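See below for the structure under consideration.
Below, read A as the first sequence line, B as the second, and so on, with proteins coming before strands; counting in each chain starts at 1. Just so it is clear, the structure is predicted and the values come from calculations on it, not from any experiment.
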Number of protein chains: 2
Amino acid sequence: MVAAKSGRTKRRREILLQAAAEVFFEQGYAATSIDAIIERAGGSKRNIYNEFGNKEGLFAAIVAENADKVLSTLAIEEIEGHDLEETLTAFGRRLMELYKSPTLIGIYRIAITETNRFPDLVKSFHEQGPGRATSRLAEVLEVARQRGEIRTADCLRVAGHFVGMIRDNLLQVILGIRPSPSDEESRVAVASAVEIFLNGVRPRQDKQTDRP
Amino acid sequence: MVAAKSGRTKRRREILLQAAAEVFFEQGYAATSIDAIIERAGGSKRNIYNEFGNKEGLFAAIVAENADKVLSTLAIEEIEGHDLEETLTAFGRRLMELYKSPTLIGIYRIAITETNRFPDLVKSFHEQGPGRATSRLAEVLEVARQRGEIRTADCLRVAGHFVGMIRDNLLQVILGIRPSPSDEESRVAVASAVEIFLNGVRPRQDKQTDRP
DNA sequence: GCCCTCCGGTAATGTGCGTTACCATTGACA
DNA sequence: TGTCAATGGTAACGCACATTACCGGAGGGC
């Protein structure tokens, strides 16, 4: 029965996490009751208390599971060989895609409110997920800077600017004012941000110093 | 007796709103108890129920009061005569200033979570406050575009980009990861965003997005 | 087949909280 | 100063909910 963890129990855990995430993201931490989660997941409360200890444990498990997903979606590795414009576009598209997922929206929503209750949790979520993606982008920009493709004093800062431009679309979605942008809208928004950003950081033309 | 609303009662109302805002912003709507508010404001619960009816009424009053403040801080009127760079810088500074205020951070924080509970309230907050500021910026950009100072297909979209760049600094503050930026940091961040933005949308002599 | 351990379900238990019933106090007006 | 209305305080009510006690049953080890 020790090995029982593999089959049923693991699957059960997934179901609980999924259901709990939905309710937490929809209602917020404080307003979510264990009963509501069970109502969605089936089974009984004992189930949750056996697996996660208590409400906080369940919540922590959810947040931890999702930071990884964010990070893996935003890894910039295979893109690095390409043109900067292509890289930024690809990165921007994926960022946009991510921001359209109800899960990430939910995580952000709840992280923002529960900062006081779970400071460490939120901090590590951001650092391991979104924050790391930004600093990875900054590294890419740093390489481009050394090649003279872009001109900037602070790669991390301008990476933040880029992410901010993409993320602007998110605020209204998070606030429930607008539905998630369509693929076409995303494409246009990313293209627009990339264009402005690249023009913005491109070396000035006064001397026409660098390449082609 | 009817006129009593003027003196004491009004002042009392202010104190209640202030204390309630602090607790709501700190703990979130669901986790805030009326007792906690009273503990901070003094007096008794009856006080709140007489003035605002119930918890929801109190919350609604807070949100409504603050949308105005946001909007008035971000009015772009007196700046219009100036250079576009000056206008953007001034607008960016004020935006940054606003995002440093605990009140606005609190409002955002709570608006983001309570979207499901108070959709209309949140919607009208955004439309009357931050949203309107962005569209006002878009109008300014439209004028600049007609003068040929900038080149863009969609002023509202790029206004969003600009606001997004500024707001990027806010996310980490809202998440409680970083303290509010100092005046100096704000200055630098705004200058950086303005520079990139202006270069980004400035008309170009030749097409250079495609390589030879 | 029998026992024993663990898992899951149900029904408490205790607490916190929004809301209200009820009473004391106050302050205006005659 | 006496009366009345409204305001502020206290204590109670009822409910929702996190957590746990208790119990039945399933399934592996002998």
Side-chain angles (χ1 to χ4, degrees), chain A residues 1-63 110 113-114 116-118 121, chain B residues 1-63 110 113-114 116-118 121:
Chain A
M1 40 95 188
V2 177
K5 184 90 183 189
S6 314
R8 275 172 71 96
T9 315
K10 181 136 180 240
R11 169 133 190 79
R12 180 104 202 96
R13 187 187 157 93
E14 288 307 316
I15 292 177
L16 284 173
L17 282 175
Q18 177 61 32
E22 285 171 18
V23 186
F24 273 135
F25 297 166
E26 214 167 89
Q27 318 262 352
Y29 179 83
T32 295
S33 73
I34 302 285
D35 284 320
I37 295 172
I38 284 307
E39 196 172 341
R40 196 171 301 210
S44 92
K45 303 194 206 182
R46 266 254 135 265
N47 233 312
I48 288 180
Y49 285 92
N50 283 341
E51 184 70 29
F52 303 101
N54 57 18
K55 193 177 173 183
E56 286 197 13
L58 174 58
F59 182 69
I62 291 173
V63 175
I110 208 161
T113 340
E114 301 304 331
N116 290 312
R117 209 186 316 257
F118 307 106
L121 200 57
Chain B
M1 204 44 186
V2 178
K5 185 91 183 190
S6 315
R8 274 173 70 99
T9 315
K10 183 138 179 236
R11 169 134 191 79
R12 182 102 202 99
R13 187 187 157 93
E14 288 307 315
I15 292 178
L16 284 173
L17 282 174
Q18 177 61 33
E22 286 171 18
V23 186
F24 273 134
F25 296 164
E26 215 166 271
Q27 318 259 353
Y29 180 83
T32 294
S33 73
I34 302 284
D35 284 321
I37 296 172
I38 284 307
E39 197 171 340
R40 198 173 298 211
S44 92
K45 304 196 207 181
R46 268 255 126 269
N47 231 313
I48 288 181
Y49 286 91
N50 283 341
E51 184 71 29
F52 303 100
N54 57 16
K55 194 177 174 183
E56 286 196 16
L58 174 57
F59 183 69
I62 291 172
V63 175
I110 209 161
T113 340
E114 302 304 332
N116 290 313
R117 211 186 313 259
F118 307 107
L121 200 57

**Between P of C/dC17 and CD1 of B/I37, the distance in whole Å** = 11 Å

**A/Q18 and A/E22 side chains, donor-acceptor separation under 3.5 Å** = yes

**Request:** Take atom CD1 of A/I34 and atom P of C/dG8, then tell me their distance rounded to the nearest Å.
**Result:** 15 Å

**Under-3.5 Å donor-acceptor pair between B/K45 side chain and C/dT19 base** = yes

**Request:** Rounded to the nearest angstrom, tell me the gap between atom CZ in A/R117 and atom C1' in D/dA18.
**Result:** 13 Å

**Message:** Within the structure provided, determine whether B/I110 and B/I62 are in side-chain contact (heavy-atom separation under 4.5 Å).
**Reply:** no

**Message:** If you only use heavy atoms from C-beta on, which nucleotide in D/dA18, C/dG8, C/dG18 is closest to the side chain of A/R12?
**Reply:** C/dG8

**Item:** Distance in angstrom units between A/Y29 OH and D/dA18 P, rounded
**Value:** 8 Å

**Prompt:** What integer distance in Å separates B/E39:CD from D/dT10:P?
**Reply:** 14 Å

**Least distance between heavy atoms, A/R40 atom then A/V23 atom** = NE-CG2, 3.6 Å

**Request:** Starting from P on D/dA18, measure out to CG on A/L58 and report it in whole angstrom.
**Result:** 11 Å

**Asked** How many Å lie between OH on A/Y49 and P on D/dA18, as a whole number?
**Response** 6 Å

**Prompt:** Between C/dG8, C/dT19, D/dG9, which one does the side chain of A/N50 approach most closely?
**Reply:** C/dG8

**Request:** Would you tell me if any nitrogen or oxygen in the side chain of B/S44 comes within less than 4.0 Å of OP1 or OP2 on D/dG9?
**Result:** yes

**Asked** When you measure from the side chain of B/N47, which nucleotide among C/dC7, C/dG18, D/dG9 comes out closest?
**Response** D/dG9

**Asked** Which nucleotide in the list D/dT19, C/dT20, C/dG9 gets nearest to the side chain of B/R46?
**Response** C/dT20

**Asked** So B/Y29 and B/F59, would you call those rings parallel, tilted or perpendicular, with 30° and 60° as cut-offs?
**Response** perpendicular

**Message:** In this structure, how many angstroms lie between the P atom of D/dG9 and the CG atom of B/D35, rounded?
**Reply:** 13 Å

**Request:** Show your reasoning for whether side chain to side chain contact (heavy atoms under 4.5 Å, CB included) applies to A/L58 and A/L17.
**Result:** CA-CA 8 Å; A/L58 174 58; A/L17 282 175; 4.2 Å; yes

